[in-house]
Amino acid sequence: MLFTRIVDTSAAVGATRSRKAKTEALQTVLADAEPAEVETVVAWLSGEMTQGRIGIGWRTLSDIDAPSTDDAVLTVSEVHDAITAVASTSGAGSTTRRRDLLTDLFGRCTRGERDFLIRLMTGELRQGALEGVMTDAIAKAAGLPVEPVRRAFMLSGHLSVTATAALTGGESALAEFVLTVGRPVRPMLASPAESLSQAWTEFGGDVSVEYKLDGARIQVHRSGDDVHVYTRTLRDITSSVPELVELIRELPCTSVVLDGETLALTDSGRPRPFQETMSRFGAQSAHDLLLQPYFFDCIHLDGVDLIDEPLERRLDALERVAPRHRIPALIRPDADAAAAHADQALQEGHEGVMIKALSSSYAAGRRGRTWQKVKPEHTLDLVVLGAEWGYGRRTGWLSNLHLGARDPDGGDPIMVGKTFKGLTDALLQWQTDEFPKHERSRDEHTVYLEPDLIVEIELDGVQVSSRYPGGVALRFARVLRYRPDKTHAEADTIDAVRALLPS
Ligand SMILES: Nc1ncnc2c1ncn2[C@@H]1O[C@H](COP(=O)(O)OP(=O)(O)OP(=O)(O)O)[C@@H](O)[C@H]1O
């Protein structure tokens, strides 16, 4: 397949807001790709390279002096091989060698192909928000239902590998993806409940009612003595959390995969702020905040996969392996006991409760109705689109944030409001230092950003608006905190914002 097909498809997908048109464009190119090309094609169209990051910056890439050609003759595999050659060059003299390889590659590119490659190599094309559309396109191109494709993606963590299996081996190849201890799966997520009693009634009381702790999600894999701890975005943070590793090694089992929340407590046993927990995930150095784990799920124990088993069985397994590290939970409480448990959670300084259907399987990567969260405050996780320079006391700081909701069809985020409320001096300083690293462009008043910072916003509600493109605006929005554990793909959608409009 010619490389230019990918460049054109990427442009076509970016140019339309229609989910159907995006899916069709992707599906067509996937159906035409040779089996050996599928992995690369899917990775590129998701803005990724199968070789991972190659660590060459935008400035170096744009300084490469090579005239472009008019003829689009490069093939996907030629470009793939050239990137592999660059990625595998290291050691003495590698800077020059890599530049030579890139000069040769760019010299064989058209202008459009070269621009695409620069954006691909600098991560600018990374398109987490396109995952849903790509999953549909893979299913359609392979003539399969979407569910087995989605499942294989969740278990493998890679759309590119999933696509190759779907297109070359069909449903039976997809079924071969199983949970592997040591390979993290995307965590199951929750939907907001209308109310505690509504969620309890929806499942006829056949529920686990658990504290919703305001820490950070962890997924723990242990095989023998080999322990790995992953974040919500599947980043391996094992070396930052030795106290968790030690504790997990002590559990009475040979292999296990646990899902949970971790946080540090104050001396009086109340939760410390989320930022303090997150700060531990970056640091390798000495620390005085001790993290505690609170597990709420067990999806593998001693060679047995539990991912498709009902929650009740998974909780039995959890009780067997880590009884002292379970999140406070009540199984099948009556409605009054469930409400009392929720009050208790709030009194102890936690966020609220989760109501989970005991009969439900572990839907990796899905935000379903079988886990529902009940918390008193309404919050949205929004994309920071830019920030305005402050005035008065805030002169010199990047202050008023432009906030966007995710386009569920993979387009650019849609602006829904602005706020500078809730920003402490420390956060203003952090924004001023950090935002230029994510800069897309700027004008006199505003620095516009790549959509990769997510901020959690508390609000009183939303209202119809003719000013914003989504027709909806936030009311009394204030910043709660940044969410470094989330990516654009996990921001709330414009549909979630619209769902808050008064009916
Ligand atoms: N008992 C629990 N069961 C599941 N998740 C829990 C529990 N306690 C705390 N959590 C946290 O809540 C999150 C689940 O809520 P949700 O799927 O809405 O994620 P979220 O978008 O990060 O929500 P929020 O911003 O409210 O934490 C999990 O990712 C986990 O970090």
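In each ligand, atom 1 is the first atom listed, and ligand 1 is the first ligand listed. The first residue of the sequence shown is numbered 1, and numbering continues consecutively from there.
Looking only at heavy atoms of the protein, atom 29 (O) of ligand 1 is closest to Arg217 NH1, 2.8 Å. Atom 19 (O) of ligand 1 has its closest protein heavy atom at Arg232 NH1, 3.4 Å. In terms of protein heavy atoms, atom 6 (C) of ligand 1 is closest to Phe296 CE2, 3.6 Å. In terms of protein heavy-atom proximity, atom 8 (N) of ligand 1 is nearest to Leu213 N, 3.2 Å. Shortest contact from atom 23 (O) of ligand 1 to any protein heavy atom: Lys373 NZ, 3.2 Å. For atom 21 (O) of ligand 1, the closest non-hydrogen atom on the protein side is Lys486 NZ, 2.5 Å. The single protein non-hydrogen atom nearest to atom 30 (C) of ligand 1 is Glu261 OE1, 2.9 Å, given as residue, atom name and distance. Shortest contact from atom 17 (O) of ligand 1 to any protein heavy atom: Ala190 N, 2.7 Å.
Which parts of ligand 1 touch Glu210 is read off a 4.0 Å heavy-atom cut-off, strictly below it: atoms 1 (N), 2 (C), 3 (N). Within ligand 1, counting atoms from 1 as listed, the ones closer than 4.0 Å to a heavy atom of Lys356 are 2 (C), 3 (N), 4 (C). Close approach of ligand 1 to Met354 is summarised as follows: ligand atoms under 4.0 Å from at least one heavy atom of the residue are 1 (N), 2 (C), 3 (N), 4 (C), 5 (N), 7 (C). Contact atoms of ligand 1 toward Arg483: 22 (O), 24 (P), 25 (O), 27 (O) (distance under 4.0 Å to a heavy atom of the residue).
Taking the centre of each ring, His158 and Phe153 stay at or above the 6.0 Å mark.
Among Arg186, Arg483, Arg232, the single residue meeting the side-chain hydrogen bond (donor to acceptor under 3.5 Å, both in side chains) criterion with Glu490 is Arg232. Between Thr379 and the options Glu458, Glu456, Arg478, Glu351, a side-chain hydrogen bond (donor to acceptor under 3.5 Å, both in side chains) holds for only Glu456.
A heavy-atom separation below 4.0 Å is found between Trp371 and ligand 1.
Under the 3.5 Å distance criterion, with hydrogens and angles disregarded, a donor-acceptor pair is assigned to the side chains of Thr238 and Asp236. Under the 3.5 Å distance criterion, with hydrogens and angles disregarded, a donor-acceptor pair is assigned to the side chains of His438 and Asp452. No side-chain donor-acceptor contact under 3.5 Å links Glu210 and Tyr294.
When heavy-atom distances to ligand 1 are checked against a 4.0 Å cut-off, Ile327 comes that close only through its side chain, counted from C-beta outward. Within the 4.0 Å heavy-atom criterion, the part of Asp381 lying near ligand 1 is the side chain and not the backbone.
Atom-to-atom distance recorded for Arg324:CZ and Leu251:CG is 9.0 Å, nearest 0.5 angstrom. Between atom CG of residue Leu265 and atom CZ of residue Arg272 there is a gap of 9.0 Å, rounded to the nearest 0.5 Å.
Considering only residues two or more places apart in sequence or on other chains, Glu434 meets the salt bridge (Lys or Arg N to Asp or Glu O under 4.0 Å) condition with Lys437.
Here the shortest heavy-atom distance to atom 27 (O) of ligand 1, taken over His350, Met188, Glu490, Lys212, belongs to Lys212.
At least one side-chain heavy atom of Leu398 sits under 4.5 Å from a side-chain heavy atom of Val447.
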